[in-house]
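Excluded from the calculations below are hydrogen atoms, water molecules and symmetry mates; all remaining heavy atoms, backbone and side chain alike, are included. Each chain gets a letter, A, B and so on, in the order its sequence line appears, and its residues count up from 1.
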Amino acid sequence: MMLIPCPFCGHRNESEFTYGGPVKPDRPDPNATSDEDWVEYLTTVPNPFGPVQERWWHARGCGTWLTIWRDTRTHDIVEGPSDAE
Amino acid sequence: MQNRRLPSGGGIDRGRPLAFRFNGKEYTGLSGDTLASALLANNVRLTARSFKYHRPRGIVGSGPEEPATLVELEGRRASANQAATTVRLADGMSARSVNCWPSPGLDMGAVNQLFAGLIPAGFYYKTFKWPSWHLYEPMIRKAAGLAGAPEAPPLDGHFEAVHAHADVLVVGAGPAGLMAALVAGRAGCRVFLADERAEAGGSLLDRRLEIAGKPALDWVADSVAELKSMPNVTHLLQDASVWAYREHNCLMVNERSPANSNVLERNWRVRAGQVILATGAFERGLVFPENDRPGVMLASAAQAYVNRFAVMPGERAVFFANNDSAYGVVADFRASGIEVAAIVDSRDVVPDFARKLAGDVPIRAGSVVIGVRGKRAVRGVTVAERGGHGTEKIYCDLLLHSGGWNPTVHLFSQSRGNLRYDESLATFVPDEAAQACVSVGGAAGKLSLASALRTGAEAAAKATGTEMPNLPAVVEESYSIAPLWQVDARGAKGKAFLDIQNDVTVDDVHLALLEGYDNVEHVKRYTTGGMGFDQGKTGNINIIGAIALQKGVPLQDVGTTTFRPPYTPVSFGAIGGIREENVVLPYRHTPVTRWNLDRGAFMYEAGARWRRPGYFPRDGETFQETVNRECRAVREGVGVYDGSPLGKFELKGRDVGRFLDHIYTNLMSTLKAGQCRYGLMLTEDGLILDDGVAMRLGEHRWLVSTSTAHADTVHGHMEELLQTQFPEWNVYVTPVTSQWNNATVCGPKARELMAALGTDIDLSPKGLPFMSFADGHVAGLPARVVRVSFTGELSFELNVAPRHMRDLWERIMEAGEPFGIEPVGSEASHVLRVEKGFLSLGHEVDGTVDAHDLGMSWIMSKKKRDYVGKRSVELRRRGNAIRRELVGLLPVDPNDQIPEGAPLTPGGERCPTEGLVTACVWSVVLDRWVALALLENGLSRHSETVHARLKNATIAADVMEPVFHDPEGLRMRS
Amino acid sequence: MSYDAAFERLPINACFDLKGTESALVEWIGAEVLPDFPAEANCCRKADGVSLEHVGPRHWLLQADIDREDDLNGALRPHEAPAEVSIVRISDTMTTFRITGTDAAHVLAIGCPLDLHEAAFPEDAVSFTEFFGQTALARHCVGGFDVSVEQSFGDMMEDYLKRALR
Amino acid sequence: MQKYSIFSLFRHALNGHTTWAPAWRSPPLKASYDVVVIGAGGHGLATAYYLAKEFNIADVAVLERGWLGGGNVARNTVTVRSNYMRDASIPFYVKSVALYEGLTDELNFNLMHSKRTMIDVVQTFPKMRELRRRQLAMDIYGSTYEQISTEEVRRRIPALTGGGPDARLPVIGGMVHTDAGVNRHDAVAWGYARGADARGVELHQQTPVTKLLRGNDGTIKGVETPRGVVRAGKVAIAVSGHTTTLTETVGLRLPLRTMNLTAFVSEPVKPLVDVVVNCPDSGFYFSQSDKGEMVIGGAPDMGQSFRRDIKQHVFEDTVTAMLSLFPSFRKLKLLRQWGGHLDIAPDASPIMDETDVPGLFVTAGWWGGYKAIPAGGLTLAHLIAKGVPHPLMSPFTLSRFKHLDYVMESGTTTAR
């Protein structure tokens, strides 16, 4: 169980959050993107052996969708949401 | 007869004898005993049989490291495997040895010893193949398994799991842990201290040391008293093992004797700012022939028995050591008047301070034990010089050995900290920490009392940013060791055990290496070394030593195997806590649930953890008759169902219309206030996410309803888009699922029923047309009436606040009685929607179909340039995968029911499927079975005959439009 | 020895969900109706029997006795509020359990991962958190804590609390 | 290859077991091979074995970062079954189960394959409907799945005393999959390794691949290791979890995410349960090993992870689910827990294909890949040798993503 930094609530237990997956690049304009690029956008996410940028929803908390950088090797949160601001 | 109890001393209460049974015989111990110390006090030496060879075994250790004597508790405290050394004796306790029958003394499994030569490590991979493993397996299974499985849950009491928070978590209440807790506590930190033994003190309990000129246990008592007096020291737990070190400094503590006597065991999930690991060290044994005989014991364990329990583990002891710590034990033996015949030290030079402790006991330096006499109890040892010359037989009934000390690095290693091999200590010690933790005292390889106190204080001072305190004065001890990984003197014959519990010998490790299983993990797996109940607490490092010796490489290069949780076995009950029986999964009720139960409804799980009525049986009815009755009520008269679980969200803001256009496939922004519209939501990869109804409450206020099962998913989806993709859009989402309950009345007589209930809303077809709503009163209660229909009949969804729901429901049932109203369960609802061909996500949508396949192309807006999932659906449809499309099926024989899920194959042949039946119900309007199916190219195959393939039959069915009732939808619009 | 703690299920409160910027809300509602806006996250201000709780970014709950519901509704005028302000009456959505006694914090900790120590959760603290796996609003009351959960989980919470108090 | 039997045990017992030949050689690493397989786990070793045995391609090196058989094959719950739902999947797993059954003889190594049947304990009607769908679909491919009553479920699993009529989720029946079984995971790795070695395949442990090498023409040329460059015209990646880490060294992105799936065992007790018990509605499954330990698995943690730790709350979900059906296990003790990495595709089905880098093959996206080891190895070897996908693997190639034609096959305790 991780301790996830919420920008509103501070550090909270992972069980209060819903995992939102790795942050993808910005959604391309679906009408101006090739099939290949669209499929790549949908199916291929960053999968680093190291820090990954990802979203969590503080669903059993203040409701914030937040972004952190978490090292997939250690689960250490190397950059919290407030660090990015 | 406790004939081995010393006349004085010890931490036992001589005034409180406890009767207990062991392997069917009656004994007496004392309060403060463990089962092991009580057995030794009664001179019970042969206490167990080993796992593979069923060799006789005795008690080896004094704590959770015990590899040999596992017992099973019977009666009220019934429990499977437990190390006898960790069982606190209680009055009336009954225990028996595991893995032997009928008793350790007369064990039938001992015949295995005759075949020992045939069953080396990994033998089972090479044999038991012919004619089939199945021939041998049952016998092997029966032989394995140690204790009997628990037969019933505990009768009295329950388990608990609970959260806790601490600035500093101290693991272990030995000298280092207590010192750390004192410093952290005095600094005002919130301290959580957990210790696995019954009392604080750690190794001080087992030794005769002084602190500040007084007995060490006085210092322990003073320290505990001081800690208890500090309100910020929130937890001081004894009999509590820290068993797992998880991510982000979250640790698990298993407390086995909670103050609340109703709680059998408790699991604490402690989140700590800083962890101080004062877990001490385990003594490891030496590896020499017959080192498993009853009466061969770890020196430190014997010390504990003498000092803590006032038990004489034997009458004449020989010590065998490669380090200094055993000499302190010799001194304690002498002080207690127990005879020590000799000290066999593998080192050539014994330090002077050690010689002083030995007094007049003869020391054989440069020597080793090459054999043990006595099978069921030690009768003597054979000693020789390291090379094997100069053998001497020494009579004794106890052989106490010490091969050095292993810091208890389990938790540190679990935290992902690195270990490094320390040459001077000949063991692995903590290196770099990976989380906010620090090892102190024995756990850090600081084996002396002075260094334990110092490192404990230092760690706490650093963690709290306070000054290093003055430490109490103690006598400085020194420690040296010369590693001896195994006795390989000429003449040393017989099995030399590395893992006593799993019967792994030096020869087994050699065989594994010979056969190419040369990684430490391979050796562990091939020999099963370290995989027993003790998880190799004393033996693992000796296995590493044996590998290193055989391969001729340093221990550092062999490395350790992974330390996996738990540190000591922990009952599943404690891990689960109070979450059992009904609350194992959440459940949700509406204000009508009680009424449903009183009415005898058959209730079940129906998405998002709601308990809903499946159907309302009456006496003498079959299931089908019940469902038919409920369906007929709706088709012919009036029915009512509780639609409260549908997900509901109020959306507010300037950009709601635009937002809904983005998340629904169809156009929502054109909706006028007072109207509602059915909509479909997709995932970005074009799969169906949800369907529901959106209502426009006002210029900037909307209400979105979702299917019951997907309410949370849709909520997260909306918030994610709003917060991450469109943060500048003005949309606020407020969940109101439980602000609005609804009772939906449906059927041709629904309007009459509404009149009978009384309402101030104009419910005429013109006043409140289909897909519109109005706020007002129904039956005198404030209500919103919505005209949507999930049954195909005229329907009024009556939305009220939950405080009024039960009231409303009862008035509906009362007013509906003249119309023959029936409450309708999920089963009838299923029939009614199938008859209409309405979509059910759980049935027709299985991750492959899209709206076009479902005949709902109309809901996929062509006007909108973009919405979630649009591009993906288009892309997918440009591929050449054959689409499976929704059709209706009429079994050729109207009395043929097709099982839901049945595959459709061409001609009903045994060949790849061309579709499947998603739903099949008895239609009350057609008086026959009807079905919905997904069929390859189904939209263009109407009026074909297809075949459902069952195991021994096929059912032919005609393909048609997926609607069996009122295809024009006149009734629901009426 | 069992726990020194007890629980009761309270009748519903008047509760309004307020979303928007503080200034837009004040402008619409008028400063005299509300207590001061709590400046900090997850804390509340009380005045005249009304409690204003800052439970999320641009998100407040206004709570009072249920007999104040109509008054407050009249003052807040949820349906007429401008686009920038969201006011929703949600009095029925939550059911509240009052847990009191010297062991109240321990009993709460069986279901709640929040650090309830006064250093981390002071007297005026209020926060959404988790209670027995569900979203819950936790705050202090005299001699213990009030925990509100989604109303449909109320029976389950009662079940849980009975088990916890054994 | 040295033959293993009771007679060879007798013979070697006479000289104290000091004359056994190594199970595999330790040859020097050559500069080039026809095929390099990265990863000496189940799939890698099986691929190498079948390349040599079925396709006469023996100039193969298996390069292993750590120790042979140390990946997921060392850390799974050893369940072998074929109760899948779709035409794409069922025949593949039917083949795999059949291969497993003959493997002890074929490899002359006792895998202790025990066809001890799996019983799905059903607690909700939608699940029962789904399993009946599987049943009829599986019947087409000859995989057995029979519905049994609640009484029969309890008769066959006497320890299942929870889930009564008033329980939170009452047991409503079961499905019996007699083809299912368990075996010894280490033996699978070691047996394939020994078989491959005997046919000329070289196994190189402690040989991590740090980089793939691609030629100017875009094709694969070999791999880089700390022991030097190893050239090969064909390279197969079988490194569950680390697939993308490797492919990204040649700029190849794949639709995979790495996750952590955990399992745990209880203390060993006398035989209590003799079938594999799977409880999809509650979300756990277990079997009792020959040693007497209950080997238990549950749902994965969905977050990306290369850690092998367990998430306490995910773990508790599994434990409480188990205790609700097996209340007597409250007193049973946890002995050991561990995790493994797996990579998962958007549709949660495997990926076996030659990639956009000619000569570079992947087998990935396995979750529950243990049961697929024989068929996965055989079909990948076919693709490597012949250049065209084996018919059984064709649904699982990368091309399916071109038009988002997912193979959505929910697992038994997990869904996408």
Side-chain angles (χ1 to χ4, degrees), chain B residues 157-158 160-165 167 190 234 259-263 268-269 271 577-583 585-591 593-594 609-611 644-645 650-656 697-701 723 730-741 801-805, chain C residues 1-3 11-12 15 17-20 57-59 66 78-95 103 106-117 119-121 130 132-135 149-157 159-166:
Chain B
H158 64 278
E160 183 182 290
V162 61
H163 295 277
H165 306 263
D167 295 326
R190 289 163 67 191
T234 56
N260 180 342
S261 53
N262 299 327
V263 178
W268 297 87
R269 314 175 191 98
R271 182 81 68 178
I578 67 167
R579 194 176 146 195
E580 53 187 34
E581 296 166 345
N582 276 339
V583 295
L585 293 171
Y587 59 85
R588 304 174 78 172
H589 287 168
T590 79
T593 304
R594 188 72 251 165
R609 303 306 180 197
W610 292 90
R611 277 177 87 196
S644 305
E650 190 162 324
L651 273 62
K652 175 72 186 280
R654 216 171 284 290
D655 298 306
V656 176
L697 304 175
E699 174 66 15
H700 300 299
R701 285 174 64 228
Q723 293 186 39
N730 172 226
V731 179
Y732 292 111
V733 180
T734 304
V736 290
T737 301
S738 290
Q739 184 59 30
W740 293 100
N741 283 164
R803 65 189 98 160
H804 300 310
M805 179 64 179
Chain C
M1 188 189 86
S2 59
Y3 293 122
I12 60 170
C15 184
D17 180 287
L18 316 183
K19 293 196 180 84
R58 289 185 292 170
H59 186 194
I66 190 66
H79 298 184
E80 292 106 65
E84 291 69 29
V85 166
S86 165
I87 302 176
V88 184
R89 185 172 62 105
I90 57 164
S91 311
D92 293 72
T93 58
M94 293 194 290
T95 186
D103 291 322
H106 179 88
V107 169
L108 210 66
I110 296 172
C112 177
L114 196 62
D115 186 351
L116 298 164
H117 191 268
F121 196 72
E130 179 194 2
F132 295 117
Q134 306 304 324
T135 304
V149 297
E150 216 253 7
Q151 168 257 121
S152 61
F153 288 111
D155 290 353
M156 179 193 85
M157 290 296 162
D159 198 341
Y160 250 125
L161 281 167
K162 280 182 191 154
R163 290 165 188 275
L165 283 170
R166 284 174 293 178

Between [X] and chain C, with a heavy-atom cut-off of 4.5 Å, which part of the residue counts as in contact: side chain, backbone, both or neither?
| X | answer |
| --- | --- |
| B:His158 | side chain |
| B:Trp740 | neither |
| B:Asn582 | both |
| B:Ala161 | backbone |
| B:Glu580 | both |

Side chain, backbone, both or neither: which part of [X] has a non-hydrogen atom closer than 4.5 Å to chain B?
| X | answer |
| --- | --- |
| C:His106 | both |
| C:Pro82 | backbone |
| C:Pro11 | neither |
| C:Ile66 | side chain |
| C:Leu108 | neither |
| C:Val107 | neither |

Once rounded to the nearest 0.5 Å, what's the spacing between atom [atom1] of [X] and atom [atom2] of [Y]?
| X | Y | atom1 | atom2 | result |
| --- | --- | --- | --- | --- |
| C:Met156 | B:Arg609 | CE | CZ | 10.5 Å |
| B:His163 | C:Leu114 | NE2 | CG | 10.0 Å |
| B:Arg701 | C:Ser86 | CZ | OG | 8.5 Å |
| B:Arg579 | C:Ile110 | CZ | CD1 | 14.5 Å |
| C:His117 | B:Arg190 | NE2 | CZ | 4.5 Å |
| C:Asp92 | B:Thr737 | CG | OG1 | 13.0 Å |

Heavy-atom pair count under 4.5 Å with chain C, highest-scoring of [options]:
| options | value |
| --- | --- |
| B:Thr734, B:Asn262, B:Asn730 | B:Thr734 |
| B:Val731, B:Thr234, B:Val162, B:Asp655 | B:Val162 |
| B:Glu581, B:Glu650, B:Arg654 | B:Arg654 |
| B:Val263, B:Val583, B:Leu697 | B:Val583 |

Determine yes or no for a side-chain-to-main-chain donor-acceptor pair under 3.5 angstrom, with [X] supplying the side chain and [Y] the backbone.
| X | Y | answer |
| --- | --- | --- |
| C:Tyr3 | B:Asn260 | no |
| B:His165 | C:Pro113 | yes |
| B:Lys652 | C:Ala81 | yes |

**Request:** Determine the minimum heavy-atom distance between B:Tyr587 and C:Phe153, stating which atoms define it.
**Result:** O-CD2, 3.5 Å
**Fill in**
Note: C:Ser91 and B:Gln739 closest approach over all heavy atoms is N-OE1, 3.3 Å
**Prompt:** Are any of the side-chain heavy atoms of C:Glu150 and B:Pro735 separated by less than 4.5 Å?
**Reply:** no
**Message:** Looking at C:Arg166 and B:Glu160, is there a salt bridge between them, counting it only when a charged N and a carboxylate O are closer than 4.0 Å?
**Reply:** no
**Asked** Do the side-chain N and O atoms of B:Tyr732 and C:Asp17 include a donor-acceptor pair separated by under 3.5 angstrom?
**Response** no
